[in-house]
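So the structure is just underneath, and the comments pick up after that.
We use all heavy atoms of the structure for the numbers below, so side chains are in, but hydrogens, waters and symmetry mates are not. Being a predicted model, the structure only gives us computed values, none of them experimental.
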Amino acid sequence: KQWYQRRVRGTAILGSTVTFECIAFGIPDPSVRWTNGSADMDSSFFNNKYTKRGVESKLVISNVKSHYQGEYRCKADNGKGSIQTKPVYMELINRLISV
């Protein structure tokens, strides 16, 4: 089993859309799930959407709210083993600041 993690920390603007990505592959193909803190996320959690194309899995969170700030993880399991990413911390700001 192999693992690739793209994002480790991110900043999001309130009301924006955030996408987390992870790539997991193995034989057999793993199933992927996402967690927020220690809670498993389902399709209704935070008005989010999952997509999986090949080995890439994405979690899309629309209309980000302040209480969405926190740690997210991608977990993969193929029945022969499981693995999870390090926590990805999403920090929120009210708006972009021009400098």
Side-chain angles (χ1 to χ4, degrees):
K1 79 194 144 187
Q2 295 186 26
W3 190 261
Y4 175 71
Q5 180 176 339
R6 285 189 183 173
R7 178 183 248 177
V8 176
R9 184 177 184 83
T11 302
I13 300 170
L14 291 172
S16 68
T17 297
V18 173
T19 302
F20 293 101
E21 300 175 325
C22 73
I23 296 173
F25 48 94
I27 299 173
D29 287 337
S31 61
V32 175
R33 62 191 166 99
W34 294 87
T35 61
N36 172 254
S38 61
D40 281 345
M41 298 174 70
D42 62 26
S43 60
S44 63
F45 197 82
F46 291 165
N47 187 31
N48 64 62
K49 173 173 74 171
Y50 303 111
T51 60
K52 187 168 193 277
R53 183 172 301 178
V55 298
E56 184 178 60
S57 175
K58 291 184 182 183
L59 168 65
V60 180
I61 303 174
S62 302
N63 193 20
V64 171
K65 308 265 190 259
S66 60
H67 60 278
Y68 295 2
Q69 182 168 286
E71 291 183 352
Y72 293 81
R73 288 181 191 253
C74 176
K75 296 183 178 184
D77 189 317
N78 70 355
K80 296 187 179 221
S82 63
I83 193 166
Q84 66 181 6
T85 61
K86 295 177 183 174
V88 175
Y89 188 80
M90 180 170 64
E91 182 178 4
L92 299 175
I93 57 175
N94 286 325
R95 60 186 169 82
L96 285 179
I97 300 169
S98 299
V99 184

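Ring geometry, W34 versus F20: the interplanar angle falls from 30° to 60°, so the pair is classed tilted.
For the pair I83 and K75, the minimum side-chain heavy-atom distance is 4.5 Å or more. At a threshold of 4.5 Å between non-hydrogen side-chain atoms, the residues D77 and P30 do not count as touching. A heavy-atom distance below 4.5 Å is not found between the side chains of I27 and N78. Between N63 and K65, some side-chain heavy-atom pair lies under the 4.5 Å cut-off.
The closest donor-acceptor contact from the side chain of S62 to the backbone of T17 lies at 3.5 Å or more, if one exists at all.
A distance of 10.0 Å separates OG1 in T35 from OH in Y72, rounded to the nearest 0.5 Å. How far CD1 of I13 is from CG of L92: 10.0 Å, rounded to the nearest 0.5 Å. Between the CD atom of E91 and the CD atom of Q69 there is a distance of 6.0 Å, given to the nearest 0.5 Å. Atom CZ of R33 and atom CZ of R73 lie 11.0 Å apart (nearest 0.5 Å). Rounded to the nearest 0.5 Å, atoms CG (N36) and OH (Y68) are 10.0 Å apart.
Checked against side chain to side chain donor-acceptor pair (under 3.5 Å), E71 has no partners two or more places apart in sequence or in another chain.
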Could you give me the CA-CA distance, side-chain angles and deciding distance for I23 and S57, then say whether side-chain contact (heavy atoms from CB on, under 4.5 Å) is met? CA-CA 6 Å; I23 296 173; S57 175; over 6 Å; no
Let's go through I93 and L14 carefully: what are the C-alpha distance in whole Å and the side-chain angles of both, what is the deciding distance for side-chain contact (heavy atoms from CB on, under 4.5 Å) to 0.1 Å, and is it a yes or a no? CA-CA 6 Å; I93 57 175; L14 291 172; over 6 Å; no
